[in-house]
Every structure is written in C-alpha cells, then in structure tokens.
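Note that the structure is predicted; figures quoted are calculated from it, not measured. Counting starts at 1 for both ligands and their atoms, in listed order.
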Amino acid sequence: MNSDEFLAQIAEEVQVCKKCDLHFSRKHGVSGEGLTSAEIMFIGEGPGFHENQQGRPFVGAAGRFLDELLELVDMQRQQVFIGNVVKCRPPGNRDPRPEELAACDVFLERQIQAINPKVIVTLGRFSMERFIPHAKISEVHGKAMRIKGRLVVPMYHPAAALHQPSLRSSVEGDFNQLPDLIASAESAPELETNTPEEKPDPKQLSMF
Ligand code: SF4
C-alpha cells in the first residue's frame with residue numbers, strides 16, 4: 001500500500017470512527033489533505049463549523065489566512081499536508097478533551113508515518129502539546145526542535161492572530177522562517193532525540 005492509499009484508508013476510517021464522543025458532532029470527518037509526500041506538514045487543532053460542513057481542513061477565515069501565510073513563502077496548499085489533532089468537530093468549537101486527543105492520536109501518528117515529513121509545524125496549543133508537552137506557545141513559537149528525526153516548529157494558530165491582531169506579525173515572522181528551516185532540516189546534524197513522552201524542557205529548544 002503506498003502513502004496515497006494509506007492516507008485514503010485513514011480518511012475512510014475517520015468518517016465512521018466512534019472512538020470518542022466527537023463523532024456525535026461530526027457531519028464530515030476532516031482527516032486532512034494535501035501532498036502525501038509533503039516535506040512539511042501543518043497540524044492544527046480540529047475542524048470548525050465550515051470544516052465540518054465541507055470535510056476539508058482550514059476552509060474558514062483562519063484557512064484563508066493560512067493561505068496568505070503560505071503565499072508569503074511562495075507555497076501553496078498543494079505542496080504541503082494540512083491536518084488536525086482531532087478529526088471531528090468539537091461542539092461549539094470547544095477545546096478537545098484529553099480523552100478525545102488520545103483516542104484520535106492513532107490517526108495522526110499513522111498520517112505522520114505515511115507522509116514522513118521533514119518538518120512538522122504545529123498550529124496552536126493542542127497541536128504543540130502533542131509534541132512538546134508543558135511548553136508555553138508564547139515562549140517557543142517559531143523555534144525548532146528535533147524530535148524523532150524531524151524538525152518540529154510550534155506556531156500560533158492562524159485563528160489566534162485573527163482574534164488578536166497583535167499576534168499577526170509574530171505569525172508572519174514565524175512563517176517567513178520556514179524556507180530556511182526546511183533547508184537546514186536537510187543539513188543539520190542529528191541531535192539527541194527527544195520524544196513527547198520524555199517531556200523536553202522548552203529551555204532546551206534548539207534553533208536551526
Ligand atoms: S475525533 Fe478522532 S477518535 Fe474521535 S470520533 Fe472523530 S475520528 Fe474518531
């Protein structure tokens with residue numbers, strides 16, 4: 001099974017999954033979309049109203065801003081993969097609960113294994129905590145650390161910048177670093193591997 005087929009199978013499983021209560025608010029599961037061999041994978045939080053309606057990630061106002069951010073670095077959606085930590089919409093856009101994040105993580109892990117990206121960009125707190133537990137996004141956004149052979153770069157969720165205009169320049173600045181981060185991901189020496197389970201100290205974050 002190639003990565004296209006593997007990701008298509010995950011998408012099918014998501015549509016009928018009942019492993020957590022979020023399936024009650026699901027109109028369409030949103031497993032993610034994009035290039036199945038992407039060098040860079042963006043991971044947000046979960047589907048909102050429009051995503052739930054359309055079955056696609058980042059299609060509302062935050063999605064339009066994400067498109068603008070990608071354009072800043074001459075990228076398009078088709079060149080990256082975009083997903084979420086939970087694949088079904090939390091009702092009323094509430095935060096996903098720990099048991100929901102845990103239940104859905106197997107899908108995300110399988111997607112990461114299939115796509116095998118060089119760089120993972122986490123968008124928002126819940127996605128960041130999946131890789132860098134206990135970090136503060138205000139302290140670590142835009143910084144890269146190597147986890148299991150990949151660069152993980154936490155960033156604010158685009159919706160946060162829409163709600164807090166003061167964050168917009170931070171988000172744009174972090175995005176502008178992406179080409180350099182991808183280039184250095186190829187040449188950077190392998191550093192000591194940290195895993196999410198080891199709860200790395202955010203102060204040990206390594207810049208590339
Ligand atoms: S959020 Fe994930 S684990 Fe929960 S029902 Fe949807 S696909 Fe299944």
* Asked: Just wondering, is there an N, O or S atom on Cys88 that's nearer than 2.8 Å to atom 6 (Fe) of ligand 1?
  -> yes
* Protein contact of atom 4 (Fe) of ligand 1 - nearest heavy atom, named by residue and atom, plus distance -> Cys20 SG, 2.3 Å
* Asked: Quick one: which ligand 1 atoms are inside 4.0 Å of a heavy atom on Phe107?
  -> 7 (S)
* Asked: Using 4.0 Å as the upper bound for N to carboxylate O, is an ion pair formed by Arg56 and Glu51?
  -> no
* Does His163 reach the main-chain N or O of Ala159 with its side chain, forming a donor-acceptor pair under 3.5 Å? -> yes
* Do Gln54 and Lys27 have side-chain atoms, one donor and one acceptor, less than 3.5 Å apart? -> no
* So among Phe65, Phe126, Phe58, which one has a ring-ring contact (aromatic ring centres under 6.0 Å, His included) with His157? -> Phe58
* Asked: Any chance NE2 of His28 has more than 12 other-residue heavy atoms, nucleotides or ligands included, within less than 6.0 Å?
  -> yes
* Under 4.0 Å to a heavy atom of His23 - the qualifying atoms of ligand 1, by number -> 5 (S)
* Structure fact -> In this structure, atom 8 (Fe) of ligand 1 is nearest to the protein heavy atom Cys17 SG, 2.2 Å
* **Any N, O or S atom of Cys104 closer than 2.8 Å to atom 2 (Fe) of ligand 1** => yes
